[in-house]
Amino acid sequence: MPYFLIALTSLFTAQIHATTVERFSLDQLAGQAARILVVTCLKSEPELINGAVYTRYEFAVSETVKGPSQQQIKLHLPGGLFQGIQSRIAGMPTFASGSESVLFLTAQNELGHAWPIGLGQGAFRIERSIDSAARVYQRLEGLTMRNAVAKPAGRIEPVQGADLRLFLNRVRALAGVQGDAH
């Protein structure tokens, strides 16, 4: 009996620390996204929606790559800390105030909420430094990737550390978008 409990605890713990998702190439992200935006997080606030903990993020949009232009957007993503209740979905990106990202978003669901495609796969963190160009890094922490046929995914195409301008030009080409869509 104790071995059963240890095995069950191990299984439960593993599920907390990793989420298995379909692997998306940059081409798939660009093609499937309803909107692709360059954003800065203005604030995040936890809230309870239908009994589940969510975090409402508000973003200023600095560039629209694909989809309708907006000056601000709000995302309601599962997870957060609300009145002492901690909820976390492994692989779901989180955003700190002031952080910059490139988001590949789904269409809005029945509650009017969009999500990053493939959880962290659809959220690229932008890092800026004084001595080099802005760079993008895909947010893959907590994700186990599988191909659509349920086998471990191959190596992810190299986008980590890509120059932001070159990355956005590549995304525009993959999404079939011409020019700079500020």
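Since we're looking at a predicted model, the values are computed, not measured.
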> So, the side chain of Q121 versus the backbone of Q138: is there a donor-acceptor pair under 3.5 Å, distance only?
Replying inline: no
Minimum heavy-atom distance between [X] and [Y], given as atom pair plus value:
X: I49; Y: H76; result: CD1-CD2, 3.9 Å
X: S44; Y: S97; result: N-OG, 4.4 Å
X: P78; Y: Y54; result: N-CD2, 3.5 Å
X: D163; Y: A133; result: OD2-CB, 2.9 Å
X: L119; Y: G91; result: CB-O, 3.2 Å
X: P116; Y: P93; result: CG-CG, 3.9 Å

> Can you list every pair that meets salt bridge (charged side-chain N to carboxylate O under 4.0 Å, His left out) and has a residue in residues 105-120, with sequence neighbours left out?
Replying inline: none
With heavy-atom distances below 4.5 Å as the criterion, would you say the side chains of [X] and [Y] are in contact?
X: P46; Y: L81; result: no
X: I117; Y: L105; result: no
X: R172; Y: K66; result: no
X: Q32; Y: F24; result: yes
X: V61; Y: V38; result: no

> Hydrophobic cluster mates of V53, side-chain heavy atoms under 4.5 angstrom, ILVMFWY only, any path?
Replying inline: L48, F82, I85
> Given the rule that I, L, V, M, F, W and Y join up when any side-chain heavy atoms are under 4.5 Å apart, are V65 and Y137 in one cluster?
Replying inline: no
>> Is there a path of hydrophobic side-chain contacts, each under 4.5 Å between heavy atoms, that joins I89 and W115?
In response: yes
> Taking only residues two or more places apart in sequence, or in another chain, which ones meet F124 in a ring pair (Phe, Tyr, Trp, His ring centres under 6.0 Å)?
Replying inline: F104, F167
>> Holding to ring pair (Phe, Tyr, Trp, His ring centres under 6.0 Å), I want the full list of residues that pass it with F59, two or more places apart in sequence or in another chain.
In response: F95
Side chain to side chain contact (heavy atoms under 4.5 Å, CB included), paired with [X], selected from [options]:
X: L174; options: I36, L29, D27; value: D27
X: L164; options: R135, E100, R128; value: R128
X: R35; options: T106, L103, I73; value: I73

> Rounded to the nearest 0.5 Å, how far apart are OG1 of T55 and CE of M92?
Replying inline: 10.0 Å
> Would H113 and Q108 satisfy side-chain contact (heavy atoms from CB on, under 4.5 Å), going step by step from the backbone distance to the final call?
Replying inline: CA-CA 5 Å; H113 304 160; Q108 292 182 346; over 6 Å; no
>> Is it the case that atom CD in Q86 sees more than 12 heavy atoms from other parts of the structure closer than 6.0 Å?
In response: yes
>> Test side-chain contact (heavy atoms from CB on, under 4.5 Å) on V102 and I126; report intermediate values, then the result.
In response: CA-CA 7 Å; V102 178; I126 298 172; 3.9 Å; yes
> Do NZ/NE/NH1/NH2 and the carboxylate oxygens of E63 and R165 come within less than 4.0 Å?
Replying inline: yes
>> Working note: Q72 + L42, criterion side-chain contact (heavy atoms from CB on, under 4.5 Å); need CA distance, chi angles, decisive distance, verdict.
In response: CA-CA 9 Å; Q72 289 190 338; L42 300 174; 3.1 Å; yes
> Which residues satisfy the side chain to side chain donor-acceptor pair (under 3.5 Å) test with E127, sequence neighbours excluded?
Replying inline: R125
>> Among residues at least two apart in sequence or on other chains, which ones pass salt bridge (Lys or Arg N to Asp or Glu O under 4.0 Å) with E45?
In response: K43, R56
